[in-house]
Amino acid sequence: MALALRAGAGSARAAAAPTRRRSVAAGARKQQQAAQQAAQPGSSAAAPAPAPGAEASTSAPAAPEQAVTREFRALGSKVVETNAPFRGPEDAPDFWEGERFEAFGKALESYFLPGLVVLGLVCGGIAAKTYNEDATTYIKPPTGPDAQPSIIIATPEATAGGAAAPSLVGGE
């Protein structure tokens, strides 16, 4: 009954299914896994026993084991077991790693803040220079607490060079 509830998550059909069929399937699965392990060249079941009196050589490097991966479903989830080391995206070398970017990192570390200050000064200078460019109306702030702000309209005047220079018209 416990197997039926775990496998079917409480469904009536799973509870009514015979447990003998499951145990036969589990036995067949175990036999298949044992046959797979015996067929692999790196498994201990297929390795020949050393001759009596022969010692294992410690000077020869051990051959790397063949990666064994086993996939199966357990409790509705896919399970993957392997003896190979996990290689994730964090194990790949980063583009910015290494000696080639060491000098770039040191320069960025040393000159980032002064470069940011210079950039701010250049941007501020450009903004101050072009702030009133093409402005046609100006507001004169009030001169006292009871005074009203006044609007000054700039009108172009003809000059000797032919270019128009704005002049202020209006006032208080």
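Along the sequence shown, residues are numbered consecutively beginning with 1.
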Any idea which heavy atoms bring Ala135 and Ala154 closest together, and the distance?
O-CB, 4.3 Å

Contact between Pro142 and Pro149 at the side-chain level, heavy atoms closer than 4.5 Å - yes or no?
yes

List the residues meeting side chain to side chain contact (heavy atoms under 4.5 Å, CB included) with Pro85, not counting sequence neighbours, and say none if there are none.
Arg87

Quick one: side chain to side chain contact (heavy atoms under 4.5 Å, CB included) partners of Ala127, sequence neighbours excluded?
none

Can you name the residues that form a salt bridge (charged side-chain N to carboxylate O under 4.0 Å, His left out) with Glu133, not counting sequence neighbours?
none

Apply side chain to side chain contact (heavy atoms under 4.5 Å, CB included) to Lys78 and list each qualifying residue two or more places apart in sequence or on a separate chain.
Glu71, Arg73, Val80

Applying ring pair (Phe, Tyr, Trp, His ring centres under 6.0 Å), can you list everything that pairs with Phe95, at least two apart in sequence or on another chain?
Phe101

Those residues at least two apart in sequence (or on a different chain) that pass side chain to side chain contact (heavy atoms under 4.5 Å, CB included) with Phe112 are Leu108, Leu116

Fellow cluster residues of Val79, listed by chain then number, with links counted only when side-chain atoms sit under 4.5 Å apart:
Phe72

With sequence neighbours left out, the residues meeting side chain to side chain donor-acceptor pair (under 3.5 Å) with Glu99 are none

Going by chain and number, the hydrophobic cluster around Val117 (ILVMFWY, side chain to side chain under 4.5 Å) further includes Leu121

